[in-house]
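Here the structure comes first, spelled out in C-alpha cells, and everything after it is commentary.
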Amino acid sequence: MSKICTLSETGELLKQANTIVIVSHVSPDGDTLGSSLALMHALRSLGKEVVMNVDDDIPAVYSFLPGIQEYRRFAAGEAVEADLLVVIDASSADRAGNALEVVNASAVMNIDHHKTNTHFADYLYLDADAAATAEIIYSLLLTMAVPLNIDMATCIYEGLYTDTGSFKYSNTTSNTLATAAALLKLGVNPSTISDNMEVKSRHQVEMLSEALKTLTFLHDGRVAFVEIAPELYDHNIDTDTFVSYPRYIEGVEIALLFKQVEENLTRVSFRSKAVDVAKIALSFGGGGHQKAAGCSICAPLKEAEKTVLKALEELFV
Ligand code: AMP
Ligand code: MN
Ligand code: MN
C-alpha cells in the first residue's frame with residue numbers, strides 16, 4: 001500500500017531528491033508525456049538531475065513537445081541508480097514498463113488521476129477528479145513555487161488537451177479551463193497545439209478507412225466496435241482517436257476499439273456515455289476512468305473480442 005501524500009508533501013519529496021527518473025506509461029499519450037516533460041523542465045530548473053524514460057515507442061505526433069528527445073528506453077538488464085523514481089499518469093505497475101526493475105531508487109512515487117489506481121508506489125498523489133495528470137502537475141509546480149516557462153506551459157496544455165478530448169469531455173471542469181487560461185497567459189497558442197495534434201499522416205487515414213470497414217453493431221446498436229487486424233497494425237501509426245468514430249454514433253452507449261499489437265496481445269479501448277467501463281477494463285487487468293478505459297488481453301484479436309464482448313452481455317439482459 002502507498003503512503004498517500006498531499007501536494008506539498010509531494011513537492012517536498014521531489015525537492016529532497018537530487019537524481020530523479022521520470023517514467024511515462026507504456027502506450028504513451030499526450031497526458032503522460034506532457035505531464036512528465038513539464039515536471040522534467042521544472043525539476044531541471046531547480047538544478048536536479050533528471051532522466052526521462054518510457055518503455056515504448058513514442059508516436060510521431062508528439063515530436064513537437066519541448067524536451068521529447070530526452071526520452072530513453074532502458075535496456076533489459078540495465079541498472080540505473082536514482083534517489084527517486086516518479087511514475088506519471090499510470091494506475092498500475094505494469095504500465096511503467098521495465099523501469100521498476102531497471103531503476104534502483106530509494107523510493108517510488110506515483111502521480112496519477114485514475115480512480116482504478118492500485119497503490120503500487122511507496123508514495124502516491126492521486127486526484128481522480130483531475131481531468132488530466134497535467135492538471136495536477138500545474139498545481140504541484142505552483143505549490144513548489146517553480147516559475148513556469150513556455151516549455152512547461154506547452155507540455156501541461158498538451159496533457160489537458162489530450163485527456164479532455166480538446167476540452168470537450170465530461171471530465172473538463174472549471175479548474176481545467178482556469179488552468180488552460182493561465183497557460184495561455186504564459187504564451188501557449190491553442191491553434192499551434194491543435195495544428196500539431198490534429199494533423200494526420202496519409203497512412204493513418206488509410207488505416208482508419210480500413211478500420212471503419214470493420215464497424216460492427218451489437219445489442220440493438222447500443223454497442224459498436226472497430227478492429228485493427230494484425231496484418232494492418234503498424235506501431236508507428238497513432239490509432240488513439242479511432243475509437244471516437246463508433247463512440248459518436250447515435251444510440252451507441254459503449255464503443256470499443258480492438259487492435260492486435262503482437263501475436264498474442266490485443267489492446268482494447270473502451271468509451272461509454274454512462275456505463276462504468278473502468279470496472280470492465282479492471283476486470284481484465286486494465287483500468288482507466290468511468291467513461292474511458294483500456295486493457296490488454298493476452299490473446300489474438302478474435303479471441304480477445306469474444307472474451308470482452310461476452311463480459312458486456314450481462315449489461316444488456
Ligand atoms: P485508451 O483507450 O488507451 O485511450 O485509454 C483510456 C484510458 O484508460 C486512459 O486513461 C488510460 O490511461 C487507461 N488505460 C488504457 N489501457 C490501460 C491498461 N492496460 N491498464 C490501465 N489503464 C489503461
Ligand atoms: Mn495516459
Ligand atoms: Mn491521463
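When a ligand or atom number is given, it counts from 1 through the structure's own listing order. Numbers for residues simply follow the sequence, beginning at 1. Just so it is clear, the model here is predicted, and its values are computed rather than measured.
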* Should Ser92 and Asp94 be marked as a side-chain hydrogen bond (donor to acceptor under 3.5 Å, both in side chains) after you check the CA-CA gap, both sets of side-chain angles, and the distance that decides it? -> CA-CA 6 Å; Ser92 51; Asp94 57 306; 2.6 Å; yes

So for Ser91 against ligand 1, with non-hydrogen atoms under 4.0 Å, the contacting part is side chain

### Query
Of all N, O or S atoms in Asp29, which has the smallest distance to the Mn ion (ligand 2)?
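The closest N, O or S atom of Asp29 to the Mn ion (ligand 2) is OD2.
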
The Mn ion (ligand 2) has as its nearest N, O or S atom from Asp89 the atom OD2

**Prompt:** Is any N, O or S atom of His113 under 2.8 Å away from the Mn ion (ligand 3)?
**Reply:**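 Under 2.8 Å: His113 contacts the Mn ion (ligand 3) through an N, O or S atom.
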
Interfacing atoms of ligand 1 (cut-off 4.0 Å, heavy-atom, [X]):
{"X": "Cys295", "value": "16 (N), 19 (N)"}
{"X": "Gly286", "value": "18 (C), 20 (N), 21 (C)"}
{"X": "Arg95", "value": "11 (C), 12 (O), 14 (N), 15 (C), 16 (N), 17 (C), 18 (C), 19 (N), 20 (N), 21 (C), 22 (N), 23 (C)"}
{"X": "Ser269", "value": "1 (P), 2 (O), 3 (O)"}

Exactly one candidate in Phe270, Phe258, Phe217, Tyr245 meets ring-ring contact (aromatic ring centres under 6.0 Å, His included) with Phe225; the answer is Phe258

Taking only Lys NZ, Arg NE, NH1 and NH2, and the carboxylate oxygens of Asp or Glu, determine whether [X] and [Y] approach each other closer than 4.0 Å.
{"X": "Asp276", "Y": "Lys291", "answer": "no"}
{"X": "Asp112", "Y": "Arg95", "answer": "no"}
{"X": "Arg247", "Y": "Glu253", "answer": "no"}
{"X": "Asp55", "Y": "Arg73", "answer": "yes"}
{"X": "Lys3", "Y": "Glu9", "answer": "yes"}

**Study point:** Atom name in Asp163, limited to N/O/S, at shortest distance from the Mn ion (ligand 3)
**Key:**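 Nearest N/O/S atom: OD2.
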
- For Asp31, what is the atom name of its N, O or S atom nearest to the Mn ion (ligand 3)?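 For Asp31, the N, O or S atom at the smallest distance from the Mn ion (ligand 3) is OD2.
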
Can you classify the ring geometry of Tyr157 versus Phe167 as parallel (below 30°), tilted (30 to 60°) or perpendicular (above 60°)?
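Ring orientation, 0 to 90° scale: tilted.
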
Check whether any heavy atom of Ala293 sits under 4.0 Å from an atom of ligand 1.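 In this structure, Ala293 qualifies as a contact of ligand 1 - some heavy atom is under 4.0 Å.
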
Of the choices His289, Arg271, Lys259, which has the non-hydrogen atom that lies closest to atom 6 (C) of ligand 1?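 Going through His289, Arg271, Lys259 one by one, Arg271 has the nearest heavy atom to atom 6 (C) of ligand 1.
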
Identify the protein heavy atom lying closest to [atom], giving its residue, its atom name and the separation to 0.1 Å.
{"atom": "atom 21 (C) of ligand 1", "answer": "Gly287 N, 3.2 Å"}
{"atom": "atom 9 (C) of ligand 1", "answer": "His114 NE2, 3.9 Å"}
{"atom": "atom 7 (C) of ligand 1", "answer": "Ala292 O, 3.4 Å"}
{"atom": "atom 18 (C) of ligand 1", "answer": "Gly294 O, 3.5 Å"}

Exercise for review: Using distance alone, with no hydrogens and no angle criterion, decide if Glu303 and Thr307 have a side-chain donor and acceptor under 3.5 Å apart.
Suggested key: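 Absent: no donor and acceptor within the cut-off.
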
Could you check His235 against Asp57 for side-chain hydrogen bond (donor to acceptor under 3.5 Å, both in side chains), going step by step and ending with a plain yes or no?
CA-CA 8 Å; His235 71 276; Asp57 294 325; 3.0 Å; yes

